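These notes are about the structure you will find just below.
This one's a predicted model, so the numbers in the text were calculated from it and none came from an experiment.
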Amino acid sequence: MTKATDNPFASFDLSKMFADMKLPGIDPASLAATQQKNMEALTAANKRAYEGYQALAKRQGEIFKENMEQLAGLLKNASPAAAADMNPAKSADFVRQAAEKALANLRELSEMMTKTNTEAFELINKRLQENMEEIKKHIPTGMPK
């Protein structure tokens, strides 16, 4: 169960707003309930996106910290003798490993972002499909096409 503070629209009563509406064939209570569901879906999608991007930012910070620790370790062990000992094959291997790690980190972050976007979109898409079903219920079957 979500807390009222999770949904800024929880205390907003749409049925009161639509109560005075007099539109033929439209039930104000049903319209209010539909709009309430829309706001709840939007709030849930925004919350999921926020949580996902928060996790993404945290992971980016962790990757940055790891990279800085590795750099500090390299600088600590760096000396003219160590630099002279580094042959081209060793240097190429080091660069290759660093590039592979950077690509793996980029792939991880990209997958996190894709997952977050997909989950948020699915919440909105599900509500859109529900909306279409609700609209179909309110359309008279004998209307010309």
Side-chain angles (χ1 to χ4, degrees), residues 1-78 82-83 86-145:
M1 191 75 179
T2 60
K3 297 180 284 183
T5 57
D6 290 344
N7 183 351
F9 302 106
S11 63
F12 186 70
D13 189 1
L14 283 171
S15 60
K16 289 179 185 174
M17 187 173 102
F18 290 117
D20 294 331
M21 290 181 65
K22 304 291 183 214
L23 299 172
I26 297 189
D27 175 23
S30 175
L31 184 59
T34 295
Q35 291 307 315
Q36 188 69 35
K37 289 176 191 175
N38 291 344
M39 285 188 245
E40 288 169 359
L42 185 58
T43 299
N46 284 333
K47 181 178 179 189
R48 177 60 197 110
Y50 173 78
E51 291 168 350
Y53 286 121
Q54 196 173 35
L56 180 68
K58 179 181 177 194
R59 183 63 185 128
Q60 284 176 321
E62 292 168 355
I63 290 170
F64 180 76
K65 181 180 176 189
E66 290 168 10
N67 289 338
M68 290 299 104
E69 287 171 353
Q70 282 181 336
L71 181 59
L74 286 173
L75 293 175
K76 181 179 176 184
N77 297 327
M86 182 81 86
N87 63 39
K90 224 176 184 181
S91 295
D93 188 49
F94 177 77
V95 170
R96 181 189 55 76
Q97 288 177 6
E100 286 174 356
K101 182 169 170 99
L103 285 174
N105 288 337
L106 184 59
R107 185 177 303 114
E108 177 187 356
L109 294 173
S110 177
E111 288 170 359
M112 287 177 74
M113 187 181 314
T114 299
K115 181 180 180 219
T116 294
N117 289 340
T118 300
E119 289 173 354
F121 176 76
E122 286 173 353
L123 290 169
I124 297 296
N125 191 43
K126 180 178 181 249
R127 182 62 201 138
L128 180 62
Q129 290 173 359
E130 292 169 355
N131 261 340
M132 296 308 292
E133 291 302 315
E134 290 171 10
I135 289 170
K136 285 179 188 178
K137 289 178 188 175
H138 295 291
I139 295 176
T141 55
M143 288 188 70
K145 295 180 182 179

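The distance from the CZ atom of Arg107 to the CG atom of Leu103 is 6.5 Å, given to the nearest 0.5 Å. Distance NZ/Lys65 to CD1/Ile63: 13.5 Å, rounded to 0.5 Å. Remark: Asn46 CG to Met39 CE distance equals 13.0 Å, nearest 0.5 Å. From Lys136, atom NZ reaches atom CD of Glu133 across 4.5 Å, with rounding to the nearest 0.5 Å. Annotation: the span from Asn105 atom CG to Ser110 atom OG amounts to 12.0 Å, rounded to 0.5 Å. Remark: Tyr53 OH to Arg48 CZ distance equals 9.5 Å, nearest 0.5 Å.
Under a 4.0 Å N-O distance rule, the pair Glu66/Lys101 qualifies as a salt bridge. A salt bridge links Glu119 with Lys115: the distance from a Lys NZ or Arg NE/NH1/NH2 to an Asp or Glu carboxylate oxygen falls below 4.0 Å. Ion pairing between Lys126 and Glu130 holds under the 4.0 Å rule for side-chain N and carboxylate O.
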### Message
Could you walk me through whether Asn38 and Gln35 satisfy the side chain to side chain contact (heavy atoms under 4.5 Å, CB included) test, starting with their C-alpha distance in whole Å, then the side-chain angles of each, then the deciding distance to 0.1 Å, before giving a yes or no?
### Response
CA-CA 5 Å; Asn38 291 344; Gln35 291 307 315; 3.5 Å; yes
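Counting only heavy atoms from C-beta outward, the side chains of Gln60 and Phe64 never approach each other to under 4.5 Å. Using a 4.5 Å heavy-atom threshold, the side chains of Leu123 and Leu42 count as separate.
Considering every non-hydrogen atom in both Glu134 and Thr34, the closest pair reads OE1-OG1, 2.8 Å.
The environment of Met132 atom CE is sparse: at most 12 non-hydrogen atoms of other residues, nucleotides or ligands sit within 6.0 angstrom.
Checking side-chain atoms of Thr118 against main-chain N and O of Thr114 turns up a donor-acceptor pair under 3.5 Å.
Listed by chain and residue number, Arg59 satisfy the salt bridge (charged side-chain N to carboxylate O under 4.0 Å, His left out) test with Glu62 (two or more places apart in sequence, or in another chain).
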